[in-house]
Amino acid sequence: MANKDFYTVEKEINGKKYIAQFSGLSTGLKIMDECYIEGSDNLSTYKLAEKIFERIIVEPKGLKIDDFKTIKEFNEVVTWAQDVMQGNFQPEAE
């Protein structure tokens, strides 16, 4: 049975509005699998950020790692988007 309860979440970080999309757990799992460093059990932060900016954050479009001025802001956005990707912001049941 397919879950069609996809949704978006909006958050303002350092005065910038971001919108991330939950597209099902399979999307998040696939992204994580694509981000492992070959021959190791470690995730590449670089690869993960690129995948999140490409497939999870829908606004602003075309977000890139170098769009951030500080690692703190970068980490806040990526961590929040990863939470959305993993379904941690499910809408309340009606």
Side-chain angles (χ1 to χ4, degrees):
M1 178 166 157
N3 180 357
K4 297 297 182 192
D5 295 325
F6 299 168
Y7 57 89
T8 59
V9 179
E10 184 176 316
K11 183 170 184 171
E12 187 173 308
I13 299 173
N14 289 342
K16 297 176 190 165
K17 182 174 104 173
Y18 297 91
I19 300 174
Q21 175 177 283
F22 173 75
S23 300
L25 292 176
S26 62
T27 298
L29 292 171
K30 185 173 181 179
I31 287 172
M32 297 300 284
D33 284 351
E34 293 170 355
C35 292
Y36 278 98
I37 298 169
E38 191 172 333
S40 79
D41 293 333
N42 299 317
L43 284 173
S44 165
T45 303
Y46 183 88
K47 287 179 184 179
L48 180 60
E50 283 193 325
K51 298 290 183 189
I52 283 175
F53 296 158
E54 178 184 315
R55 294 166 36 198
I56 302 301
I57 295 190
V58 295
E59 289 293 331
K61 292 184 187 296
L63 192 61
K64 302 287 182 206
I65 293 169
D66 289 332
D67 291 337
F68 296 90
K69 294 181 181 174
T70 67
I71 194 70
K72 181 181 176 188
E73 182 180 0
F74 166 83
N75 284 334
E76 188 173 351
V77 170
V78 170
T79 299
W80 165 74
Q82 189 173 1
D83 281 345
V84 174
M85 177 181 80
Q86 294 171 343
N88 293 334
F89 291 94
Q90 295 286 334
E92 295 293 321
E94 296 180 27

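All values below were derived from every heavy atom in this structure, side-chain atoms included, with hydrogens, water molecules and symmetry-related copies excluded.
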Heavy-atom check, side chain of [X] versus side chain of [Y], under 4.5 Å:
X: Glu10; Y: Glu59; value: no
X: Ile57; Y: Val77; value: yes
X: Glu34; Y: Lys47; value: no
X: Ile65; Y: Glu50; value: yes

Shared hydrophobic cluster for [X] and [Y] (ILVMFWY, side-chain gaps under 4.5 Å):
X: Ile13; Y: Ile52; result: yes
X: Val9; Y: Leu25; result: yes
X: Phe89; Y: Tyr18; result: yes
X: Leu29; Y: Met85; result: no
X: Leu63; Y: Tyr46; result: yes

query: Any idea how Phe6 and Phe22 line up, ring-wise: parallel (<30°), tilted (30 to 60°), or perpendicular (>60°)?
result: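 Judged by the thresholds at 30° and 60°, the geometry between Phe6 and Phe22 is perpendicular.
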task: Evaluate the ring planes of Phe53 and Phe74, with Trp represented by its six-membered ring, and classify them as parallel (under 30°), tilted (30 to 60°) or perpendicular (over 60°).
output: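 The arrangement is perpendicular - the two ring planes meet at more than 60°.
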field: Lys16, NZ atom: more than 12 neighbouring heavy atoms under 6.0 Å
entry: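 Counting neighbours around NZ of Lys16, more than 12 heavy atoms of other residues, nucleotides or ligands fall under 6.0 Å, so yes.
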Within 6.0 Å of CG in Asp33, more than 12 heavy atoms from elsewhere: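 Counting other residues, nucleotides and ligands, CG of Asp33 exceeds 12 neighbours.
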- request: Any chance you could measure Met32, atom CE, to Gln82, atom CD, to the nearest 0.5 Å?
  value: 5.0 Å
Nearest-0.5 Å distance, NZ of residue Lys69 to CG of residue Asn14: 10.0 Å
message: Determine whether Thr27 and Ile56 satisfy the following criterion, side chain to side chain contact (heavy atoms under 4.5 Å, CB included), listing intermediate values before the conclusion.
response: CA-CA 9 Å; Thr27 298; Ile56 302 301; 4.3 Å; yes
Stepwise side chain to side chain contact (heavy atoms under 4.5 Å, CB included) test for Tyr36 and Asn42: CA-CA 6 Å; Tyr36 278 98; Asn42 299 317; 5.8 Å; no
task: Take Ser23 and Arg55 through the test side chain to side chain contact (heavy atoms under 4.5 Å, CB included) and record every step on the way to the result.
output: CA-CA 9 Å; Ser23 300; Arg55 294 166 36 198; over 6 Å; no
- prompt: Is the side chain of Asp67 donor-acceptor paired with the backbone N or O of Lys64 at a distance under 3.5 Å, no angle test?
  reply: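 Yes: the side chain of Asp67 pairs with the backbone of Lys64.
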